Amino acid sequence: MINTSSSFVPVDRELSAWIRLAFESAYPEAGSVLARISTVPTMSPEFGDYQCNDAMNLARALKIKPRVIAERLIAVAGPHPGVARMEIAGPGFVNVFLEDSWISDRLAAMAGAGGLGLPSDGAGKTVIVDYSSPNVAKPMHIGHIRSTVIGNSLYRIHSALGYRTVSDNHIGDWGTQFGIIIMGYRHFLDQKALETSPIEELERVYVKSYEKSREDADWLNECRRELVKLQSGDEQNVALWKDFVALSLREFEGIYRRLGVSFDIVRGESYYRDKLAGVVRQLEEKELARESEGAMVVFMEEDKLPPCIVRKSDGGYNYASSDLATVASRVDEFGPDRIIYVTDERQQLHFRQIFAISRKLGCSVSLEHVWFGLMRLPEGTFSTREGNVIKLERLLDEAESRALAIVTASSPDMPEERRREVARVVGIGAIKYADLSQNPQTTVTFTWEKALALDGNSGPYLQYAYARIASVRDKFAERFPGIDPDGFPIVFTQQIERTLALKLLKFPEAVTRAAQACKPSTVADYLYDLAQSYSTFYQNVPFLKAEDGVRESRVRLCGITAKVLKSGLDLLGIETQERI
RNA sequence: GCGCCCGUGGCUCAAUUGGAUAGAGCACCUGACUUCGGAUCAGGAUGUUGCAGGUUCGAGUCCUGCCGGGCGCGCCA
């Protein structure tokens, strides 16, 4: 068999291509619908391993009975080395039963292929992922975790599929809040507090100044004046602002380090401030924007969107103009094929407007808004002013200390340094997994219990499965020194081995589907399903005491499972350890 | 009022985008061998997929109307 790494094609694609060919020769008149023909995994082994449902879909267009189409299809299909037999069932399902030897052969090829057989769908393409984007002078809280973790995973997934990826942390460093902060800083600052916990202190003076601005019109005017001074380059205010930004970035950096997140570029809104006037001028020249009540506004009736203000009546620029400038700048500099924004749901309308206006300005890049539901507390929404914000730092601390308690209980002999390291990996993994394993587009009610789950469908469950495999590998090496299981064929003596092998082969499917839908949860679901199959295998089938050949085959399956788990968790930004 | 989204066992969530008998976890109950890690495994119970219509071979998924909830809708980001 020729199984060089470059020749590996994901199983679903290979079978889809093969069955599509059969359809094309059987019904060339079907035309464009042929392109969409595919095979999908079955829900139950009684229906085979993969199934094709397109005989029924074509039946309407061709005005032929679906079972007739299915029969013709099977008659016309050329032999495929992987297909043992096909059956027609129900209204016209075509069920495909795979050959055991082909499954093990493909699995060996996948394990040997670079990137575990992930297709290079993104080769030659560039995607920018804009995520996390916290605001200066405010601490990161649990509301920031979703953008950070989901965005980082999308970045990793697209990189793994061959995209040139650029991650950008679009920091909120240029808004109207700075007038308020500067006034708060000048009048309410506690120097000592600033030294011990700078961001907390900046936030405190911000809140105080904000409250005052709501009841004191003079104060509000002062704030506005300070903002104008900052934006027109006043030396003192610019120096203050730079301090705020530097302090915040340092604090963010600490969180990112703990989360294993890094960015290719970190450009706040301020980076684009010189381009704002140009964008608005362009909109005016193209007659896309016009003055209304003193402001410059893009009216978008034909897009069925409400008007979008791109310059305020006081002449200042806002979020809309800033994001428009950002798009243009990114297009110029990176020439991306796609730009993905990961933010919460409240910005849906804003981005629809930005995307529509960008298109009017001639931008043809695929602009995508990946939004997620807000994080809430059981008692309702949280806000700085309510004082019920849970800081991200505290969440991470809590996760690690809970994990440490469990590690200490289960592995009392482990040196403390190791225990702390394991607790870090497990605790952070639990938090990330909790957010990544579910559909982002739902409102999440935060509970400690859920965020820090360590059993069942959780990050640690996957990490635990991985660690047990590492243990198997070590025991095998100890008792059978010098034997390389990879030199033995993979054989199926029990159903669970075949099931596990088939699941392993679906890794590329899960990853490509996750990229298509921009949903890391697809990968998380897949990994959990895989780990469950592995646990069943592990618990019910002996490895080391199995007979020669079977033993090596099983250990080899373990090894491949470990590879897939590790790679998959890596796509989620979750670390693994050989011992936990 | 208009727009976007959500509603699935007691709780938290899946369901490969219209496919076959709606799957997991938590919690609850029962069990796991002189074998590799019990953060595990095997088994049990739990459902009119918010309600009512419609589309078709086939609907949790699509269309219409209600009910309930979240978010947004010209000078915040």
Side-chain angles (χ1 to χ4, degrees), chain A residues 12 38 40-44 46-47 51 53 56-57 59-60 65-66 89-93 95 133 135 172 174-177 269 292-297 304-314 316 318-320 322-323 343-350 352 371 373-374 376 381 403 406-407 409-411 426 434 437-439 441-445 447 449-450 453-458 460-461 463-465 467-476 479 506 509-510 513-514 516-517 521-522 524-526 528-529 532 535-536 538-546 554-555 558 579-580:
Chain A
D12 62 328
S38 64
V40 294
T42 56
M43 58 163 280
S44 158
E46 67 178 298
F47 303 132
Q51 64 182 32
N53 305 327
M56 292 170 294
N57 294 328
R60 209 163 303 152
K65 285 195 163 63
F93 295 106
N95 295 331
S133 310
N135 289 321
W174 199 244
T176 41
Q177 77 266 32
E269 290 158 12
S292 166
E293 294 171 40
M296 194 55 66
V297 180
K304 292 185 175 155
L305 292 171
C308 178
I309 293 179
V310 292
R311 193 179 68 209
K312 299 185 284 182
S313 52
D314 67 2
N318 62 2
Y319 188 36
S322 175
D323 269 354
T343 80
D344 72 55
E345 61 183 320
R346 289 174 301 186
Q347 303 195 30
Q348 285 181 83
L349 174 59
H350 166 74
R352 280 172 64 192
W371 59 267
L374 286 175
R376 301 163 56 81
T381 49
I406 291 177
V407 179
S410 64
S411 312
V426 169
S437 64
Q438 71 176 268
N439 182 347
Q441 300 184 344
T442 51
T443 306
V444 166
T445 301
T447 61
E449 191 184 76
K450 206 187 344 166
L454 299 174
D455 54 0
N457 187 354
S458 70
Y461 178 89
Q463 292 168 324
Y464 180 66
R468 287 202 299 193
I469 296 173
S471 194
V472 167
R473 190 199 50 213
D474 291 353
K475 288 268 166 34
F476 177 83
R479 292 189 207 173
K506 286 172 187 160
E509 288 177 39
R513 227 168 56 229
Q516 253 163 28
S521 59
T522 305
D525 278 351
Y526 165 78
Y528 180 64
D529 188 38
Q532 270 187 315
S535 294
T536 297
Y538 173 88
Q539 205 85 21
N540 297 302
V541 176
F543 303 159
L544 302 185
K545 290 199 169 178
R554 288 177 182 167
V555 171
C558 287
R579 301 270 178 281
I580 71 171

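Predicted, not measured: the structure shown is a model, and the values here were computed from it.
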Checklist entry - Going by a 90° cut-off around 0, is B:rU16 syn or anti? => result anti
Checklist entry - Looking across every strand, which nucleic acid part, if any, lies under 4.0 Å from A:V555 by heavy atom: base, sugar-phosphate, or nothing? => result nothing
Next on the checklist: Categorize A:Y538 for me: base, sugar-phosphate, or nothing, with a 4.0 angstrom heavy-atom threshold over every strand shown.
Outcome noted: base
Checklist entry - Which part of the nucleic acid, if any, lies within reach of A:A89 when heavy atoms closer than 4.0 Å are counted: base, sugar-phosphate only, or nothing? => result base
Checklist outcome for this item: Against the side chain of A:Y319, the closest entry in B:rA77, B:rU40, B:rA39 is B:rA77
Checklist entry - Taking the side chain of A:Y528 as heavy atoms from C-beta outward, which of B:rA20, B:rA24, B:rG74 is closest to it? => result B:rA24
Item to check | Interatomic spacing from CD in A:E449 to CG in A:L454 - rounded to 0.5 Å | outcome: 11.0 Å
Checklist entry - Using purine N1 to pyrimidine N3 plus N6-O4 or O6-N4 for Watson-Crick, or N1-O2 and O6-N3 for G-U wobble, both under 3.5 Å, which nucleotide pairs with B:rC33? => result none
Next on the checklist: Can you tell me which nucleotide in B:rG37, B:rU16, B:rC75 comes closest to the side chain of A:Y464?
Outcome noted: B:rG37
Checklist entry - Counting only N and O atoms by type, is there a donor-acceptor contact under 3.5 Å from the side chain of A:Q51 to the main-chain atoms of A:P41? => result no
Item to check | Base partner of B:rU21, which must satisfy Watson-Crick or wobble distances under 3.5 Å | outcome: none
Next on the checklist: Heavy atoms only, 4.0 Å cut-off, all strands: where does A:R311 land among base, sugar-phosphate and nothing?
Outcome noted: nothing
Next on the checklist: How long is the straight-line distance from CG of A:L374 back to CD of A:E345, given to the nearest 0.5 Å?
Outcome noted: 4.5 Å
Checklist entry - Of the candidate nucleotides B:rA20, B:rC13, B:rU40, which contains the atom at the shortest distance from the side chain of A:D455? => result B:rU40
Checklist entry - What interatomic distance, in whole Å, is found between P of B:rC62 and the corresponding atom of B:rC26? => result 30 Å
Item to check | B:rA22 and B:rU49, which share atom name P, separated by this distance in whole Å | outcome: 10 Å
Next on the checklist: Rounding to an integer number of angstrom, what distance separates B:rU30 and B:rU8 when you compare their C1' atoms?
Outcome noted: 28 Å
Checklist entry - Are A:N318 and A:I309 side-chain neighbours, meaning at least one heavy-atom pair lies under 4.5 Å? => result yes
Next on the checklist: For a quick check of understanding: with a heavy-atom distance under 4.0 Å over all strands, which category does A:R513 fall into, base, sugar-phosphate or nothing?
Outcome noted: base
Checklist entry - Can you check whether A:K312 has a side-chain N or O nearer than 4.0 Å to OP1 or OP2 of B:rC76? => result yes
Next on the checklist: Need the pair for B:rG72. Rule: Watson-Crick or G-U wobble, both distances under 3.5 Å, any strand; none if unpaired.
Outcome noted: B:rC2
Item to check | Length of the line joining A:N318:CG and B:rC73:C1', which is rounded to integer Å | outcome: 15 Å
Item to check | P atoms of B:rU48 and B:rU55, separation to the nearest Å | outcome: 25 Å
Checklist outcome for this item: Side-chain atoms of A:S535 come closest, of B:rC41, B:rU16, B:rU35, to B:rC41
Checklist entry - Which part of the nucleic acid, if any, lies within reach of A:I580 when heavy atoms closer than 4.0 Å are counted: base, sugar-phosphate only, or nothing? => result base
Next on the checklist: Between C1' on B:rU40 and CZ on A:F543, what's the gap in Å once rounded to a whole number?
Outcome noted: 13 Å
Next on the checklist: So, OP1 or OP2 of B:rU35: does either fall under 4.0 Å of a side-chain N or O from A:K545?
Outcome noted: yes
Next on the checklist: Mind checking if A:L349 touches a base, just sugar-phosphate, or nothing, with heavy atoms under 4.0 Å?
Outcome noted: sugar-phosphate
Item to check | A:N57, nearest nucleotide to its side chain (from B:rU40, B:rC36, B:rG19) | outcome: B:rG19
Checklist entry - If you look at every strand shown and take non-hydrogen atoms under 4.0 Å, does A:M56 touch a base, only sugar-phosphate, or nothing? => result base
Item to check | Ring centers of A:Y461, A:Y528 separated by less than 6.0 Å | outcome: yes
Checklist entry - Can you find a heavy atom in the side chain of A:Y464 that is under 4.5 Å from one in the side chain of A:V426? => result no
Checklist entry - Which part of the nucleic acid, if any, lies within contact of A:Q51, taking any heavy atom under 4.0 Å across all strands shown: a base, the sugar-phosphate backbone alone, or nothing? => result base
Checklist entry - Which one, B:rC41, B:rA77, B:rC75, comes nearest to the side chain of A:T536? => result B:rC41
Next on the checklist: Quick one, A:Q438 and A:N457 - any side-chain contact, counting heavy atoms below 4.5 Å?
Outcome noted: no
Checklist entry - For the residue pair A:H350 and A:Y319, does the interplanar ring angle fall in the parallel (under 30°), tilted (30 to 60°) or perpendicular (over 60°) class? => result parallel
Checklist entry - If the P atom of B:rG47 is compared with that of B:rA42, how far apart are they to the nearest Å? => result 23 Å
Checklist entry - NA contact type, A:V310, heavy-atom cut-off 4.0 Å: base, sugar-phosphate, or nothing? => result nothing
Checklist outcome for this item: note: A:R473, atom CZ; B:rC36, atom C1'; distance rounded to Å ~ 13 Å
Checklist entry - So which heavy atom on A:V444 is nearest to which on A:K450, and how close? => result CG1-NZ, 4.2 Å
Next on the checklist: Taking B:rU61 as the reference, what is the distance to B:rC51 when you measure between their P atoms (whole Å, please)?
Outcome noted: 11 Å
Checklist entry - A:N457 CG to B:rG25 C1': how many Å, rounded? => result 6 Å
Checklist entry - Could you give the CE-to-P distance, from A:M43 to B:rU16, as a whole number of Å? => result 12 Å
Which protein N or O atoms sit under 3.5 Å from an N or O of nucleotides 1-9 of chain B?
{"unit_1": "B:rC4", "atom_1": "O2'", "unit_2": "A:Q348", "atom_2": "OE1", "d": "2.7"}

Next on the checklist: So A:F93, base contact, sugar-phosphate only, or nothing? Heavy-atom distance under 4.0 Å.
Outcome noted: base
Next on the checklist: Nearest heavy atom decides the nucleotide; on that basis, is A:E449 or A:A295 closer to the 5' end of RNA chain B?
Outcome noted: A:E449
Next on the checklist: What's the gap between B:rC63 and B:rA20 when it is taken at their C1' atoms, as a whole Å value?
Outcome noted: 24 Å
Checklist entry - Who does B:rG7 pair with, Watson-Crick or G-U, both distances under 3.5 Å? => result B:rC67
Item to check | Listed nucleotide nearest any side-chain atom of A:R60, set B:rU40, B:rC57, B:rA14 | outcome: B:rC57
Next on the checklist: For a quick test of reading the model, state the closest non-hydrogen atom pair linking A:R468 to A:S535 and the distance between them.
Outcome noted: NH2-OG, 3.4 Å
Checklist entry - How would you label the contact of A:A467 with the nucleic acid (heavy atoms, under 4.0 Å): base, sugar-phosphate, or nothing? => result base
Next on the checklist: Checking contacts here: which listed nucleotide (B:rA39, B:rU21, B:rG72) is nearest the side-chain heavy atoms of A:R346?
Outcome noted: B:rG72
Next on the checklist: What's A:E509 touching, base or sugar-phosphate or nothing? Going by heavy atoms closer than 4.0 Å.
Outcome noted: nothing
Checklist entry - CD of A:E46 versus P of B:rU21: gap in Å, rounded? => result 10 Å
Checklist entry - How do A:N95 and A:G172 order along RNA chain B: which one's closest nucleotide is nearer the 5' end? => result A:N95
Next on the checklist: Students often get this wrong, so: under 4.0 angstrom with heavy atoms, is A:G175 touching a base, only sugar-phosphate, or nothing?
Outcome noted: sugar-phosphate
Next on the checklist: Suppose you measure atom P in B:rG50 against the same atom in B:rG9; what distance do you get, rounded to whole Å?
Outcome noted: 8 Å
Checklist outcome for this item: Picking from B:rA39, B:rG37, B:rU16, the nucleotide nearest the side-chain atoms of A:S471 would be B:rG37
Next on the checklist: Could you tell me how far apart A:F47 (CZ) and B:rU16 (P) are, to the nearest whole angstrom?
Outcome noted: 17 Å
Item to check | Whole-Å gap separating P (B:rC75) and CE (A:M296) | outcome: 16 Å
Next on the checklist: Quick one, A:L349 and A:P306 - any side-chain contact, counting heavy atoms below 4.5 Å?
Outcome noted: yes
Next on the checklist: What I want to find out is whether A:D474 reaches A:R479 closely enough, with some N-O distance under 4.0 Å, to be called a salt bridge.
Outcome noted: no
Item to check | Under 3.5 Å on both distances, the Watson-Crick or G-U partner of B:rG58 | outcome: none
